[in-house]
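For clarity, every value in this text was computed on a predicted model and none was experimentally measured. The sequence lines fix the lettering, A, B, ..., with proteins before strands; numbering per chain opens at 1.
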Number of protein chains: 2
Amino acid sequence: MSKGEATRQAVLDQAAATASRIGLAGLTIGTLASSTGMSKSGLFAHFQSKESLQSQVLAHAREKFVDQVVRPALAAPRGETRVRALFEHWLALSRDGGSACLFVSASAEYDDQPGPIRDQLVRDHLDFSDSVAQMFRTGISEGQFRADADPDQFAHDLHGVMLAFFHAYRLLNDDTAETMARRAFDALLAAVRVPE
Amino acid sequence: MSKGEATRQAVLDQAAATASRIGLAGLTIGTLASSTGMSKSGLFAHFQSKESLQSQVLAHAREKFVDQVVRPALAAPRGETRVRALFEHWLALSRDGGSACLFVSASAEYDDQPGPIRDQLVRDHLDFSDSVAQMFRTGISEGQFRADADPDQFAHDLHGVMLAFFHAYRLLNDDTAETMARRAFDALLAAVRVPE
DNA sequence: GCCCAAACCGAACGATCGTGCTAGAAAGGA
DNA sequence: TCCTTTCTAGCACGATCGTTCGGTTTGGGC
């Protein structure tokens with residue numbers, strides 16, 4: 001990896017961390033430069049514009065999310081075990097303020113601001129949502145989930161469980177957040193499991 | 001109502017509308033002044049600082065939310081009917097970008113930024129969450145909901161349903177968002193209703 | 001060790017940020 | 001109508017915003 005690419009990655013790491021605290025729109029070339037020990041112009045040279053920087057931060061976070069959540073889940077056995085692995089990794093990543101936070105806050109920030117950032121967020125979510133639905137479908141074909149259950153609805157509901165956890169954990173500092181998320185997830189599974 | 005108070009309300013209305021689009025932190029004295037046809041200093045004189053403005057916007061939104069969601073629900077008959085009324089009014093307010101949006105985006109923005117704004121958000125959510133739990137408890141004492149169901153868990157789960165709806169409706173422009181939210185809500189109720 | 005290209009910095013740009021100060025316009029009670 | 005209180009505009013301030021540009025350092029291939 002060339003030197004330029006290395007610093008670019010370092011900047012993106014720092015930017016993603018900052019953005020998950022103060023939001024993607026709250027990112028500033030100045031603060032980002034001083035927090036990485038670079039000059040404004042030196043940092044700016046790596047990205048053509050601020051919007052491009054934000055876009056690259058999002059792509060960077062997406063890769064991390066796939067690596068730490070989606071891929072580990074796909075490595076687990078098909079069916080409920082896989083869905084549960086997805087949930088656990090997702091939860092773990094959200095807990096320590098990883099890239100999951102970024103998507104939550106960015107989605108709320110840009111849900112009413114048309115443009116490339118919003119488009120990217122939509123695309124990423126649809127991709128992920130499809131992955132979740134697909135995992136659920138394998139669970140159906142494995143005979144673990146009811147055939148009449150809606151995979152998209154499941155993905156939607158699971159997302160809701162995670163958003164609620166996020167809110168309780170990060171905003172409210174509620175230490176029962178994880179317990180509640182687990183109960184909600186279990187209830188979700190209980191409703192779609194095939195009756196014995 | 002004095003003239004000053006009238007313009008203050010008008011500014012807060014405009015500010016709340018703007019903030020629900022671009023976020024509470026994205027509010028700017030300049031843009032707010034030009035969108036209300038006032039001068040920066042003239043507008044600023046009504047609020048001692050920007051943070052105070054944000055705080056008052058939040059309080060303004062809270063009042064609207066209580067008026068349009070909580071109060072109508074409390075006017076409905078106790079039990080499931082009341083909970084369902086809460087859900088429907090909440091949904092309706094979220095649909096047309098009312099004050100509900102503001103709390104969702106503000107919560108995501110300030111979940112990692114300590115200070116009075118965050119404290120206010122926490123307080124408001126705890127208040128509301130308690131109201132929801134209380135509505136659920138009356139449902140229990142009416143014999144409509146299971147006595148072993150956890151009211152706080154229900155409030156938490158309902159919040160998750162709303163957050164997921166919000167995401168699907170506003171970010172993804174998913175026109176099945178409402179249907180999915182209703183299904184999720186029905187599933188939530190089905191799990192806590194007393195068996196016949 | 002030389003040289004070119006890549007990487008980085010410093011200074012500056014116009015614009016806009018939040019925030020004061022002061023003077024004048026408007027409102028309202030007497 | 002006058003006087004006082006309330007409201008609002010104009011102007012200015014330091015700071016910071018995103019961005020540009022010319023120059024300096026640095027690193028890798030010969």
Any salt bridge (charged side-chain N to carboxylate O under 4.0 Å, His left out) involving [range]? Give me the pairs, sequence neighbours left out, ordered by first then second residue.
{"range": "residues 65-75 of chain B", "value": "B/Asp67-B/Arg71"}
{"range": "residues 23-32 of chain A", "value": "none"}
{"range": "residues 36-54 of chain A", "value": "none"}

Selection: residues 108-121 of chain B, any non-hydrogen atom under 4.0 Å of DNA chain C: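 When residues 108-121 of chain B is checked for heavy atoms under 4.0 Å from DNA chain C, there are no hits whatsoever.
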Can you name the residues that form a side chain to side chain contact (heavy atoms under 4.5 Å, CB included) with [X], not counting sequence neighbours?
{"X": "B/Gln48", "result": "B/Ser52, B/Gln56"}
{"X": "B/Thr28", "result": "B/Thr31"}
{"X": "B/Ala25", "result": "B/Glu109, B/Tyr110"}

Residues forming a side chain to side chain donor-acceptor pair (under 3.5 Å) with B/Asp112, sequence neighbours excluded: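 B/Asp112 satisfies side chain to side chain donor-acceptor pair (under 3.5 Å) with A/Arg170 only.
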Got a list of side-chain donor-acceptor pairs under 3.5 Å for residues 179-189 of chain A, not counting sequence neighbours?
unit_1, atom_1, unit_2, atom_2, d
A/Arg182, NE, A/Glu88, OE2, 3.1
A/Arg182, NH1, A/Glu178, OE2, 3.0
A/Arg182, NH2, A/Glu88, OE1, 2.6
A/Arg182, NH2, A/Glu88, OE2, 3.1
A/Arg183, NH1, B/Asp150, OD2, 3.4
A/Arg183, NH1, B/Gln153, OE1, 3.0
A/Asp186, OD1, A/Arg84, NH1, 3.3
A/Asp186, OD1, A/Arg84, NH2, 3.4

Span that lies between the C1' atom of C/dA7 and that of C/dC3, in whole angstrom: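 Nearest-Å result for C/dC3 against C/dA7 at atom C1': 16 Å.
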Nucleotides 8-29 of chain C: protein proximity per nucleotide (B base, S sugar-phosphate only, - neither; heavy atom, under 4.0 Å): SBB------BBBB---------
No-hydrogen, no-angle side-chain donor-acceptor test under 3.5 Å, B/Asp13 and B/His60: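 Yes, side-chain donor-acceptor contact under 3.5 Å.
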Integer-rounded Å distance: C/dA6 C1' and A/Arg8 CZ: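 Rounded to the whole Å, the gap is 15 Å.
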Pair listing, ring-ring contact (aromatic ring centres under 6.0 Å, His included) test, anchored in residues 7-31 of chain A, at least two apart: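 ring-ring contact (aromatic ring centres under 6.0 Å, His included) check on residues 7-31 of chain A returns no pairs.
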Paired and unpaired positions of DNA chain D as dot-bracket, Watson-Crick or G-U wobble under 3.5 Å, | denoting a partner strand: .||||||||||||||||||||||||||.||
